[in-house]
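First listed ligand is number 1; within each ligand, the first listed atom is number 1. Keep in mind that this is a model prediction, so the values were computed, not measured.
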Amino acid sequence: MKRPELDAAWQALHSHRKEWRKLHLRDLFRQDKRRFERFSLRLNDLLLDYSKNLITAETMKLLLRLARAAELEKAREAMFSGRHINLTEDRAVLHTALRAPADLNLMVDGRNVMPDVRRVLKQMGQFTDKVHKRRWKGHTGKPIRDIVNIGIGGSDLGPAMVCQALTPYARPGLNAHFVSNVDPTHLTEVLKRVNPETTLFVVASKTFTTQETLANAAAARAWLLQNAKDGRAVARHFVAVSTNRDAVVNFGIDPDNMFEFWDWVGGRYSLWSSIGLSIALYLGMEHFEELLSGAHDMDVHFRSAPAAANMPVILALLGIWYNDFWDAQAHAVLPYDQYLARLPAYLQQLDMESNGKGVTRDGKRVKVSTGPILFGEPGTNGQHAFYQLIHQGTKLVPCDFLVAAESHNPIDDQHEMLLANVFAQSEALMRGKTAAEVRAELKAQGLKKKDIDRLTPHRVFPGNRPSNTLLYHRLTPRNLGRLIALYEHKVFVQSVIWDINAFDQWGVELGKQLARAILPEIKTGKPARGHDASTNGLINYCKGLREEP
Ligand code: F6P
C-alpha cells in the first residue's frame with residue numbers, strides 16, 4: 001500500500017466533505033432526473049438503489065480513488081486465491097471456496113481443497129437424505145422430527161438466521177431449534193418441546209472447545225440418556241460439525257457422525273460449510289445448494305465487476321464515507337421481512353467481530369475510525385420504536401432497507417402496505433419536511449398562528465439522511481445467498497481500506513479467560529478477594545443471595 005497516495009485520498013475526501021455543508025439530497029434529486037439510474041446497480045433481480053446517499057459523482061470518484069489507493073484489487077485476489085491473509089492466525093480465508101463450482105482447483109498450502117469440499121458436501125447430502133427418507137432412526141426406531149443445533153456465534157447465528165429466513169422452503173415434518181446460550185434456560189425450554197426418541201442434536205463448534213456449546217451438549221446428552229438408558233443411543237441422536245476430530249471423539253461422538261470443515265473457514269463465515277448441516281436438514285440439500293449458488297453469484301460479481309459497478313465495493317465505500325467523514329457511529333439494517341428478523345443479529349457478528357478492531361494489520365494503532373455499531377429490527381416494527389431518532393435525532397444513522405417485491409404469505413394488501421412503508425421511510429429520511437411545509441400543513445388544519453409557531457420546530461424533519469435499498473423479487477435461497485455474500489464482501493472491503501484484519505477475534509478472549517477464573521469462585525464457599533472492589537462485591541453479594549432460601 002503506497003502511503004502518500006492513500007493519505008492524499010483520505011485528505012481529498014475530508015476537503016470534499018466540507019462542500020456537503022451546502023448540499024441537500026432533495027435538491028440533488030430535483031436537479032438530476034437520472035439520479036436513480038446513475039446510482040443504482042443490479043445483479044439478476046437484486047437491485048441496490050444507493051441514490052439516496054449523501055453523494056455526488058465527485059464523492060464517488062474520490063471514494064473509488066480511496067479503494068484504489070488501498071490496493072483493493074490486490075487484496076481481493078489474495079483472499080480468493082488462498083493466501084494467508086488472516087495474519088494473526090496465519091490462515092487462508094476461503095469461505096468463497098465452499099460455494100465455488102465443482103470443477104475449480106484451489107490450492108491452499110500445496111493442497112487442492114476442492115475435493116475435500118465436495119466430499120463433505122456429498123456426506124451432508126447422504127446424511128440429510130437418510131434423515132428425510134426416514135432411514136436414519138432414533139434409538140427406539142422412530143424417525144427424526146426435531147433438529148437441535150447446539151452452537152454459538154458463527155456456529156449458531158448463520159444457520160439460525162437462514163433457517164428462519166427460508167421457513168417457506170422447510171421440509172415438512174421437521175422442526176429446527178437452536179440452543180446457544182450457556183444460560184440453562186435456553187436448553188431447558190427447547191428440551192420441553194422435543195421428544196428424546198425423535199430428536200437429533202447437531203453439535204456445531206469449529207474448535208469444539210467452546211464452553212457454552214460443550215456444556216449444552218453434555219446436558220443434552222444427559223437428558224437423552226435419562227430416557228434411553230443405553231449409551232449406544234448417543235450415536236443415533238448426536239452428530240458433530242467441527243475441525244477438531246480428537247475433541248469430538250473425546251466428547252463421545254462417533255467420528256463417523258462427524259462432518260468436517262477446515263481452519264481456513266472463519267467461524268462467522270462458516271454457514272456455507274458443514275456448519276450449514278442444520279440448514280440442509282431443515283430445508284433440504286437442494287435448497288442449501290441454491291443458497292451456495294447465490295453466494296457464488298455474488299463472489300463472481302465481486303471478483304469481476306469494475307469497482308464503480310461493484311455492489312460490495314459501493315456499500316463498503318458508502319459505509320466508510322459516513323463512518324470516517326461524517327462521524328456516524330452506527331449503521332442500521334432494516335429488513336422489511338419478518339423472515340429476516342435474525343439478519344441484524346447475524347450481521348452484528350459478521351461486521352462487529354470482523355471490523356471492531358483498533359490496530360492495523362502490522363500492529364499499529366489505527367488512525368481512523370473503524371467498524372460501526374450495527375443494529376436493526378424488521379420493519380415495520382422498528383418504525384414504532386427507534387426510527388424517531390433516525391428521523392429527528394442528533395445522530396446520523398445510515399440505513400439499509402431490504403425488501404422483497406412479493407411475499408411468500410400474501411394476505412389482502414398487507415404486503416403492499418409493507419412496501420409502501422419501506423419506500424416511505426427512505427423517502428422521508430431523504431426529503432425531510434421543511435418549516436414552510438409544516439406551517440402550511442398546520443394552517444390547512446386550522447391552527448392559530450401562536451400554535452403553529454409553537455409546534456413547527458417539533459414537526460420539522462431535516463431530511464438529508466442517507467439510506468440504501470436492496471430490493472429483490474422474492475426471498476429465495478438464491479437471493480438470500482447473494483445478500484449474505486454481499487455483506488461479507490462489504491465487510492472485507494472496509495477492512496482492506498482500514499488496513500485491519502477482519503478475520504481474527506482476539507477481543508472475545510479476555511472475557512472468556514476471566515469467566516474461567518471466576519467460575520470456581522462462585523462455586524466455593526470462600527469469599528472472592530482477588531479482583532477489584534466492584535467485581536469482588538458483585539461475586540460476594542451474588543453468593544449471599546444464593547445462600548438465602
Ligand atoms: O465468539 C468467539 C468465537 O470464536 C466466534 O468467532 C465463533 O463463531 C464462536 O466463538 C464459536 O466458536 P466455535 O465454533 O469454535 O464453538
Give yes if a backbone or side-chain nitrogen or oxygen of Gly154 is under 3.5 Å from a nitrogen or oxygen of ligand 1, and no if not.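 Right, the criterion is met.
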Nearest protein heavy atom with distance in Å, relative to [atom]:
atom	answer
atom 5 (C) of ligand 1	Glu353 OE1, 3.4 Å
atom 12 (O) of ligand 1	Thr210 OG1, 3.5 Å
atom 11 (C) of ligand 1	Ile152 O, 3.2 Å
atom 10 (O) of ligand 1	Lys512 NZ, 4.4 Å
atom 15 (O) of ligand 1	Thr207 OG1, 2.6 Å

For ligand 1, note which part of Val508 has a heavy atom under 4.0 Å away: side chain, backbone, both or neither.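 Looking at Val508 and ligand 1, just side chain atoms fall under 4.0 Å.
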Heavy-atom distances under 4.0 Å decide this one: backbone, side chain, both or neither, for Lys206 against ligand 1?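 It is both parts that get close, each with some atom under 4.0 Å.
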Answer yes if the ring centres of Phe386 and Phe375 are under 6.0 angstrom apart, and no otherwise.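 When the ring centroids of Phe386 and Phe375 are compared, they turn out to be within the sub-6.0 Å range.
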What's the shortest heavy-atom distance between Ala220 and Phe201, and which atoms?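 Reported closest heavy-atom pair: CB-CE2, 3.6 Å.
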Gly153: numbered ligand 1 atoms lying under 4.0 Å from its heavy atoms: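 Here the atoms of ligand 1 in question are 8 (O).
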Can you list the ligand 1 atoms lying under 4.0 Å from a non-hydrogen atom of Ser155?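 Those qualifying, in numeric order: 13 (P), 14 (O).
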Think Arg221 forms a cation-pi with Phe238, using NZ or CZ under 6.0 Å from the six-ring centre and within 45 degrees of its axis?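 Relative to the ring axis of Phe238, which defines the angle, Arg221 lies outside at least one limit.
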Does Trp272 have Arg99 sitting over its ring (NZ/CZ under 6.0 Å from centre, angle to axis within 45°)?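 Because its charged atom sits under 6.0 Å from the ring centre and within 45° of the axis, Arg99 does stack over Trp272.
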Say whether Gln349 and ligand 1 are in contact under the criterion: heavy-atom distance to a ligand atom below 4.0 Å.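 Yes, Gln349 has heavy atoms under 4.0 Å from ligand 1.
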Rounded distance (nearest 0.5 Å) linking atom [atom1] of [X] with atom [atom2] of [Y]:
X	Y	atom1	atom2	answer
Leu318	Asn323	CG	CG	12.0 Å
Glu488	Leu483	CD	CG	11.5 Å
Leu63	Asp324	CG	CG	10.0 Å

Side chain His331, main chain Leu374, donor-acceptor under 3.5 Å: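 The answer is no, because no donor-acceptor pair under 3.5 Å joins these two groups.
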